[in-house]
Amino acid sequence: MSLLTDHVNLSLSDCTDKTIAEYIWSMFGMATSDLVFVTNGSFFSLLTWLNRVGGSGIDLRSKARTLSGPVSDPSKLPKWNYDGSSTGQASGEDSEVILYPQAIFKDPFRRGNNILVMCDAYTPAGDPIPTNKRCAAAKIFSHPDVVAEEPWYGIEQEYTLLQKDVKWPIGWPVGGFPGPQGPYYCGVGVDKAFGRDIVDSHYKACLYAGISISGINGEWEFQVGPTVGISAGDELWVARYVLERITEIAGVVLSFDPKPIQGDWNGAGAHTNYSTKSMRCDGGYEVIKKAIEKLGARHTQHIAAYGEGNERRLTGRHETADINTFIWGVANRGASIRVGRDTEKAGKGYFEDRRPASNMDPYVVTSMIAETTILWKP
């Protein structure tokens with residue numbers, strides 16, 4: 001008797017040149033009310049929209065199509081549409097939203113020549129829809145001054161794994177709380193480490209996909225980078241998608257909420273490490289300090305774009321600075337911006353923006369840091 005897994009794991013390369021492309025797009029950034037979608041000059045008012053699906057805090061969608069053969073260049077892939085009326089992004093009378101393929105990754109689920117395709121979304125007229133944050137980011141990253149500086153990013157993505165039926169962290173007693181968090185950080189043992197099979201599966205799947213995942217921490221965190229420019233956003237979104245799929249298989253709910261359970265413990269962030277060519281060269285420490293000064297001058301604007309619910313995490317305690325306060329320091333994990341001791345000693349290197357929440361949009365955060373530190377003239 002054949003099993004379902006036998007068919008799921010069928011290798012297409014044994015019998016056909018056809019491949020499967022899974023088109024992925026993000027709807028993250030939709031407001032909870034009063035969104036307006038513009039198509040062909042008409043306005044469609046969205047009065048009610050629930051932006052949070054399944055507790056993840058991030059709304060990713062995907063669908064698959066068959067290709068005649070392997071494809072490695074996103075420009076060779078066809079554009080595709082989806083029903084925007086089913087996602088609250090268009091009216092039923094004019095429902096098409098167009099997906100533009102932007103980046104290709106190997107598919108760790110179907111394997112073989114099958115691929116994952118990160119897309120962004122446009123109106124039929126070619127205008128980016130409101131949730132398409134990639135388009136604006138790509139313009140910043142293609143600016144000659146930004147290209148010349150080769151901005152590098154390393155993003156530390158934290159998340160929370162919740163029990164399916166009660167939406168309570170796995171490993172926690174239902175309706176109860178664990179002890180102080182000290183033993184759990186990078187912990188080992190059945191009473192301290194939870195979900196290791198999910199974490200390790202995700203790590204390997206990302207490496208298989210070609211994502212620049214550089215490591216994991218035993219606190220439900222993975223790191224993507226170093227990556228250059230727009231690739232940071234593409235790779236983090238696909239890494240999130242892969243994690244969503246793995247937790248789906250495991251029957252666990254994935255949350256990117258910056259503080260899914262209130263209490264006296266750290267929230268979940270997406271610390272963003274950053275450097276430019278000038279920062280990495282001799283004398284770069286002075287460039288870093290000037291960049292940090294610019295970030296401080298625009299603190300309010302950055303905080304507004306750094307993730308929903310971030311005020312529950314940036315309390316001034318739990319290794320954070322207060323959300324209304326901008327401070328920086330060397331090796332200070334309670335600062336808005338942390339500079340490593342190695343950078344201070346070498347006189348060049350990178351810094352870490354500790355303000356972004358775990359549910360931030362990486363296209364917004366990475367491009368905003370580049371725009372403020374490279375292009376903005378105070």
Side-chain angles (χ1 to χ4, degrees), residues 26 28 52 54-58 60 153-163 167-172 178 180-187 192-196 198-203 205-206 211-225 227 232-233 235-244 246-247 250 252-274 303 305-315 317-321 323 333-338 352-362 364-366:
S26 165
F28 182 66
R52 299 296 175 248
S56 72
I58 286 172
L60 279 163
Y153 298 90
I155 302 175
E156 305 170 31
Q157 177 67 71
E158 296 176 340
Y159 56 92
T160 308
L161 300 177
L162 303 174
Q163 300 170 55
K167 303 295 177 66
W168 201 247
I170 65 172
W172 285 27
Q181 66 184 36
Y184 303 101
Y185 174 75
C186 296
K192 294 181 286 293
F194 309 105
R196 191 182 294 276
I198 294 172
V199 171
D200 200 45
S201 296
H202 175 251
Y203 193 178
C206 285
I211 295 167
S212 303
I213 185 168
S214 52
I216 56 173
N217 280 8
E219 55 173 316
W220 295 337
E221 174 193 306
F222 64 90
Q223 300 100 32
V224 169
T227 54
E235 295 198 22
L236 189 68
W237 272 119
V238 176
R240 286 170 166 177
Y241 173 82
V242 171
L243 186 55
E244 287 270 22
I246 286 174
T247 53
V252 170
V253 174
L254 172 64
S255 174
F256 289 107
D257 189 287
K259 196 96 177 204
I261 309 294
Q262 290 300 297
D264 189 21
W265 39 70
N266 290 6
H271 301 157
T272 301
N273 299 276
Y274 172 71
I303 285 295
Y306 272 19
E308 184 179 336
N310 209 11
E311 72 282 351
R312 292 182 278 114
R313 167 181 162 264
L314 297 180
T315 62
R317 296 174 289 124
H318 311 114
E319 299 185 354
T320 71
I323 194 168
R333 295 187 180 276
S336 311
I337 303 289
R338 181 186 68 87
E352 175 190 40
D353 191 337
R354 297 178 60 81
R355 297 172 295 173
S358 50
N359 60 5
M360 62 84 159
D361 188 323
V364 173
V365 169
T366 57

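Contact record, R355 with I337: NH2-CD1, 4.3 Å, taken as the closest heavy-atom pair. Taking both residues in full, the closest heavy atoms of V253 and Q163 are given as CG2-O, 4.5 Å, listed atom of the first, atom of the second, then distance. Scanning all heavy atoms of the two residues, the minimum distance from N310 to P356 falls at ND2-C, 4.3 Å. R313 and P258 get closest at one heavy-atom pair: CB-O, 3.9 Å. S255 and P260 make their closest contact through OG-CB, 4.1 Å (heavy atoms, listed as atom of the first residue, atom of the second, distance). Considering all non-hydrogen atoms of both residues, T366 and A232 come closest at CG2-CB, 4.1 Å.
Side-chain contact between Y274 and D353: absent, with no pair of heavy atoms (C-beta onward) separated by less than 4.5 Å. Looking at heavy atoms from C-beta onward, Y159 lies out of side-chain contact with S358 at the 4.5 angstrom threshold. I246 is not listed as a side-chain neighbour of V252, based on a closest heavy-atom distance of 4.5 Å or more. Looking at I155 and N273, their side chains never come closer than 4.5 Å, going by heavy atoms from C-beta outward. R338 has its side chain out of reach of H271: every pair of non-hydrogen atoms, C-beta onward, lies at least 4.5 Å apart.
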Query raised in the report: Can T320 and R354 be said to form a side-chain contact (heavy atoms from CB on, under 4.5 Å), step by step?
Result: CA-CA 7 Å; T320 71; R354 297 178 60 81; over 6 Å; no
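Remark: E221 pairs with Q223 by the side-chain hydrogen bond (donor to acceptor under 3.5 Å, both in side chains) rule, at least two apart or across chains. Scored by the side-chain hydrogen bond (donor to acceptor under 3.5 Å, both in side chains) test, R240 finds Q157 as partners (sequence neighbours excluded). Considering only residues two or more places apart in sequence or on other chains, R312 meets the side-chain hydrogen bond (donor to acceptor under 3.5 Å, both in side chains) condition with D257. For A239, the side chain to side chain contact (heavy atoms under 4.5 Å, CB included) partners two or more places apart in sequence, or in a different chain, are H202, C206, I211, F222, V224. The ring pair (Phe, Tyr, Trp, His ring centres under 6.0 Å) test applied to Y306 returns H302, not counting sequence neighbours. For E158, there are no salt bridge (Lys or Arg N to Asp or Glu O under 4.0 Å) partners at least two apart in sequence or on another chain.
Side chains of E235 and S212: a donor on one and an acceptor on the other come within 3.5 Å.
With values rounded to the nearest 0.5 angstrom, L60 atom CG is found 5.0 Å from W237 atom CH2. Atom CG of L243 and atom CG of L254 lie 4.5 Å apart (nearest 0.5 Å). Distance check: Y203 OH to I213 CD1 gives 6.5 Å after rounding to the nearest 0.5 Å. For the atom pair E311 CD and K259 NZ, the distance stands at 11.5 Å (nearest 0.5 Å). For the atom pair I198 CD1 and R196 CZ, the distance stands at 12.5 Å (nearest 0.5 Å).
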